There are 2 protein chains.
Amino acid sequence: METPKRRRSNTRARLLEGALEVFAERGFHGASVEDICERAGFTRGAFYSNFASKDELVLALFQATTDRLLEQIEALLPELANQPGTLLDAVLGLLDEAAPDQRQWHLISTEFTLHALRDPEAAQALNTQRAMFRDSLTKLVEQITETSGLTLSVPAEQFVRLVIAVHEGARSQSLLEPRKLPPGELEHTFLPMVLEAVSRPSR
Amino acid sequence: METPKRRRSNTRARLLEGALEVFAERGFHGASVEDICERAGFTRGAFYSNFASKDELVLALFQATTDRLLEQIEALLPELANQPGTLLDAVLGLLDEAAPDQRQWHLISTEFTLHALRDPEAAQALNTQRAMFRDSLTKLVEQITETSGLTLSVPAEQFVRLVIAVHEGARSQSLLEPRKLPPGELEHTFLPMVLEAVSRPSR
DNA sequence: TGTATTCAATACAGAACTGTATCCTACTCG
DNA sequence: CGAGTAGGATACAGTTCTGTATTGAATACA
């Protein structure tokens, strides 16, 4: 039961997984195809049997992580929207739990971002991914503000953009100074401040 | 009058400048030593006569840009502190005018950050630079809040960290979507909101 | 059971890059 | 004006990486 096309997609998955790790450690350009294969437990033969080039792998990897992320979010959304807690909890919950390994995720997504800033095609792909992510978060925010009687002083999407900016900026700082800034601390300090700034109980 | 050691430091400078451009275009790993030399109008002979390796160049480049940045800030500070305008104006002024070419600066500093996240030594260097930058900004904020009768609801340094996070996060977003988000627009939207969140007239 | 097919390993050719060693040129200075 | 030197170009050797072509093994199928 583990043989026909299953095998292929399995090695593909392992290659993608290996690529994720190696890219996080050395960056796109810094990681050779052989590094990736070695990490995945294959040789280059397997690689070129599954991907035409490293660029194609990068693209596939982006698609895969994107799909997985959106999937996780879909799963998380109803839970966060309906369950107890405040807007803050929900937003933090989505931002935090969407990325299992903070550090690796940040490295990879920064790498993608950098890549996108230099390549319009990649920018396009990344932007639609980010737009979907923003939409999810926006919907969540709208739902919760409605049910909890809050009013935002700016449009929800603008608010979400701000939240994302703060989150990413804070994460960058805390990863750079892990001793002084425990992971998540900055975010959890900043976001309440921001939230308080733009939301007030609707009368 | 342009000959003894002047020549050397001149080609060094040109190499650094070329490196800055090429790194911005292709990233550290993506840029070969030869690319850099070509950009600067030299061959590899000149390079290895001035630097031991690409790593050393990166370090020197970081130092050079760091020095230049701090120098500019020193020059800007008194002007911003004493002249008219609000806290917001001053902060925005410092953040905006410190980086002449937004895009290139962002690419390079992101690249540095990524590098630092993987190399503790680089992290050390980057962190002391960022600490100095934060200190400047913190002093500026403290001065202005005093003279303008504002009180921050959090320590000034914490406030500055938040401002930097917002600034970097916003810049990243606007560079990714230049059509939808004109440069600086997001920052200029977000920062007032943040500022309002944590500052109030001291009674 | 034997044949065909699929997937990955191995072997190989070519390109790119790095770093060194040598050479050339243009100043400097006696 | 001539010897010495510094800075940079050129040539070269070694390494690493990519991509292709061939081979081998395991499975599907007749």
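Keep in mind that the numbers below use all heavy atoms, side chains included, and drop hydrogens, waters and symmetry copies. Chain letters run A, B, ... following the sequence lines, proteins first and then strands; every chain starts at 1. In this text the structure is predicted, and so the values were computed from the model without any measurement.
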Under 3.5 Å donor-acceptor pairs involving side-chain atoms of residues 89-99 of chain B, not counting sequence neighbours:
residue, atom, partner, partner atom, Å
B/D89, OD2, B/T86, N, 3.1
B/D89, OD2, B/T86, OG1, 3.2
B/D96, OD2, B/H188, NE2, 3.1

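- Residues meeting the salt bridge (charged side-chain N to carboxylate O under 4.0 Å, His left out) test with A/E187, sequence neighbours left out: none.
- Applying the salt bridge (charged side-chain N to carboxylate O under 4.0 Å, His left out) test to A/R39 and every residue at least two apart in sequence or in another chain returns A/E21, A/E25.
- Per the geometry, CG belonging to A/L15 stands 13 Å off P belonging to C/dC7, to the nearest Å.
- What separates CZ of A/R12 from C1' of C/dA8 is a distance of 15 Å, to the nearest Å.
- Between the CG atom of B/N50 and the P atom of D/dA6 there is a distance of 14 Å, rounded to whole Å.
- The distance from atom CG of A/L57 to atom C1' of D/dT18 is 14 Å, rounded to the nearest whole Å.
- As a whole-Å value, the separation of A/E38 CD from D/dT16 C1' is 14 Å.
- Applying the ring pair (Phe, Tyr, Trp, His ring centres under 6.0 Å) definition to pairs two or more places apart or across chains, those involving residues 60-80 of chain B are B/F62-B/F112.
- By the salt bridge (charged side-chain N to carboxylate O under 4.0 Å, His left out) test, B/R161 is found to be paired with A/E177, B/E157, residues two or more places apart in sequence or in another chain being considered.
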Sugar-phosphate or base contact per nucleotide [nucleotides 15-22 of chain C; S, B, -; heavy atom under 4.0 Å]: --SBBB--

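- For the atom pair CG of A/L140 and CG of A/L87, the computed distance is 7.5 Å after rounding to the nearest 0.5 Å.
- Closest contact between the side chain of B/F42 and the listed nucleotides D/dA9, D/dG7, C/dA8 involves D/dA9.
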